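To start, the structure under review is shown below, and the notes come after it.
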Amino acid sequence: MTIRYSAFKTAVGIDHPIVQGPMNGGSPLELTVAVSNAGALGSYAAALLAPAAIIENVAKIRALTNRPFNVNLFVQEPPRPAAAEVLAAQDLLAPFRAELGLGPTSVPDKFCEDFRDQVSALLEAAPPVVNFTFGILDSETVSRFKRAGSLVIGTATTVAEAQAWERGGADFICASGSEAGGHRATFLGDFEQSCIGLMALVPQVAAAVKIPVIAAGGIMNGRGIAASLMLGAQAAQLGTAFLSCPESGIAQAWRQQLQKARDDSTRLTRTFSGRYARGIVNQFMERMRPFEQEVPPYPVQNALTGEMRQAAAKLARPEFMSLWAGQGVAMARPMPAAELVKTLADELQALLPNQ
Ligand SMILES: Cc1cc2nc3c(=O)[nH]c(=O)nc-3n(C[C@H](O)[C@H](O)[C@H](O)COP(=O)(O)O)c2cc1C
């Protein structure tokens, strides 16, 4: 059977139908550059960066690769939580902070960067590809990115979200199955109902939109990439597989947990950040389980747990770190990113020649 799904590869200008997913906390520009230089699409997670840092880091990536790369932002409004909600959330975190030797939490000056300012910076930086999660851009902003020379990927967890991005003018859809590590991208429907596995999601999205689809979630090797192409995707996005590369720069304690993880080691939780995200189950997740629905929504809880998570990483206390990982984590093969891209491309080539 000969299948040729090359519109995505051709439009972006890459050699392999492989995207390294953007990962806050796990995709420094060294990883982006290594992946892009190896002929796949490297991504850079910029959601937590101030506008000036976005411009500076895109310039750094450009200096290190002449291949296409992708920059990711979270679509979000500045939150205005009630003081009582913040206090209640701080109370829940107090015992964990005490165990790490931290004092009471202070309320941060701001819970997140201003999204509009980040968009202006990204328009100015105009990387070859931009992608967005947690929400959707209005079509005027999508057009501005295209005029600036950036291709636009919208992340979707349901058919309705994919169609909304297509109507808004996106060039590509990243269809994120519920196996995926990190935060759920859901922005339209109910979170739990929008937890659709990749095997069911990708063919339904591919049938519902005309633009190319990138499959994400649980893909760890050439077989997973080939399967995604057979399901109707034109490329596969891998996060957890690249998290194990030395270039991801993650804390040693996180790396060790990735190496020990099994198929049933992860679950979704909103206790770390206020938005459902998949990570390796640890003591914090278990002790906070009764309060799963009580913590304030993203980004408030994320900002409130930030200091605890950083302190835990410094002290090598994985029980209090957010250990984001997908359901395929046990299949991760730690190796340099360029070697991983080559391994994946060779495996795919053996299964589906001429991809
Ligand atoms: C540690 C981690 C951080 C992530 N951060 C982001 C992010 O900042 N933006 C985003 O769009 N996706 C993010 N993701 C999702 C990945 O880009 C990718 O879609 C996902 O990891 C694919 O599923 P997999 O982990 O099973 O390969 C993150 C995933 C992980 C594991």
Side-chain angles (χ1 to χ4, degrees), residues 18-28 31-32 35 40-49 54 70-76 112-113 118 129-136 152-157 161 165 172-187 195 197-199 201-202 213-221 224-225 227-228 233 235-245 248-251 254-255 257-258 261 263 265-268 272-273 275-280 298-299 302 309 313 321-333 340 344:
I18 300 169
V19 179
Q20 166 253 316
M23 292 180 286
N24 256 302
S27 62
L31 179 63
T32 315
V35 172
L41 184 66
S43 301
Y44 182 62
L48 303 186
L49 296 186
I54 293 176
N70 167 41
V71 180
N72 171 259
L73 288 180
F74 297 159
V75 180
Q76 57 191 354
C112 61
E113 295 295 331
Q118 288 181 314
V129 185
V130 292
N131 91 319
F132 297 89
T133 186
F134 294 8
I136 187 163
V152 178
I153 306 176
T155 313
T157 59
E161 289 173 356
W165 269 112
F172 314 111
I173 300 295
C174 171
S176 178
S178 56
E179 302 91 334
H183 285 96
R184 297 296 295 143
T186 303
F187 62 93
C195 280
L198 173 137
M199 179 69 89
L201 180 66
V202 171
V213 174
I214 306 156
I219 306 166
M220 303 298 291
N221 51 35
I225 301 169
S228 304
Q237 175 163 311
L238 291 72
T240 304
F242 283 103
L243 201 56
S244 300
C245 297
S248 74
I250 58 171
W254 188 357
R255 206 172 279 284
Q257 297 301 311
L258 292 178
D263 58 335
S265 294
T266 73
R267 75 170 164 82
L268 290 164
F272 277 114
S273 72
R275 174 176 265 271
Y276 276 109
R278 182 174 295 286
I280 297 171
Y298 193 96
N302 198 54
R309 290 181 284 121
M321 293 165 63
S322 48
L323 304 166
W324 305 138
Q327 287 180 325
V329 56
M331 291 185 276
R333 295 167 290 183
L340 181 57
L344 295 168

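Values reported hereafter were calculated over all heavy atoms of this structure, with side chains retained and with hydrogens, waters and symmetry mates removed. Just so you know, ligand 1 is whichever comes first in the structure, and atom 1 is the first atom listed for that ligand. Predicted model, so just to flag it, every value in this text is computed and none were measured.
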Using a 3.5 Å cut-off on N or O atoms only, is Pro22 in polar contact with ligand 1?
yes

Checking the side chain of Ser228 only, and the main-chain atoms of Gly224 only, is there a donor and an acceptor separated by less than 3.5 Å?
yes

Considering only non-hydrogen protein atoms, determine which one is nearest to atom 1 (C) of ligand 1 and report residue, atom name and distance to 0.1 Å.
Trp324 CB, 3.5 Å

With no hydrogens and no angle check, just 3.5 Å: does a side-chain donor-acceptor pair link Thr155 and Ser176?
no

Looking only at protein heavy atoms, which one is nearest to atom 8 (O) of ligand 1, and how far off is it?
Asn24 ND2, 3.1 Å

If the cut-off is 4.0 Å to any non-hydrogen atom of Asn72, which atoms of ligand 1 fall inside it?
7 (C), 8 (O), 9 (N), 10 (C), 11 (O)

Just jot down the ligand 1 atoms closer than 4.0 angstrom to any heavy atom of Trp254, in number order.
1 (C)

Looking only at N/O atoms, are Gly218 and ligand 1 under 3.5 Å apart anywhere?
yes

Tell me whether the rings of Phe187 and Trp165 are parallel (<30°), tilted (30 to 60°) or perpendicular (>60°).
perpendicular

Short list, please: which atoms of ligand 1 are under 4.0 Å from a heavy atom of Leu238?
27 (O)

contact_flag Phe242 ligand 1 heavy-atom lt 4.0 Å:
no

Is Gln237 in polar range of ligand 1, meaning some N or O pair under 3.5 Å apart?
yes

Find all atoms of ligand 1 within a distance of less than 4.0 Å from any non-hydrogen atom belonging to Gly217, and give their numbers and elements.
22 (C), 23 (O), 26 (O)

Can any side-chain N or O of Arg333 pair as donor or acceptor with the backbone N or O of Leu340 at less than 3.5 Å?
no

So if I count the atoms of ligand 1 from 1 in the order they appear, which ones are less than 4.0 Å from some heavy atom of Thr240?
21 (O), 24 (P), 25 (O), 26 (O), 27 (O)

With a cut-off of 6.0 Å (strictly less than), are more than 12 heavy atoms of other residues, nucleotides or ligands near CE of Met331?
yes

Do Trp324 and Ile250 have side chains that get closer than 4.5 Å, going by heavy atoms?
no

Considering only non-hydrogen protein atoms, determine which one is nearest to atom 30 (C) of ligand 1 and report residue, atom name and distance to 0.1 Å.
Met23 CG, 3.6 Å

Using distance alone, with no hydrogens and no angle criterion, decide if Thr133 and His183 have a side-chain donor and acceptor under 3.5 Å apart.
no

Any N or O on Gly181 sitting closer than 3.5 Å to an N or O of ligand 1?
yes

Does ligand 1 come near enough to Gly239 that some N or O of the ligand is less than 3.5 Å from an N or O of the residue?
yes

Has Gln118 got a side-chain atom pairing as donor or acceptor with Ala47's backbone, closer than 3.5 angstrom?
yes

Heavy-atom donor-acceptor pair, Glu179 side chain to Leu198 backbone, under 3.5 Å
yes

Would you check the N or O atoms of Ser176, main chain and side chain alike, for any that come under 3.5 Å of an N or O of ligand 1?
no

Non-hydrogen side-chain atoms of Pro299 and Glu113 separated by less than 4.5 Å:
no

Out of all atoms in ligand 1, which are within 4.0 Å of some heavy atom of Thr133? Include the element for each.
10 (C), 11 (O)

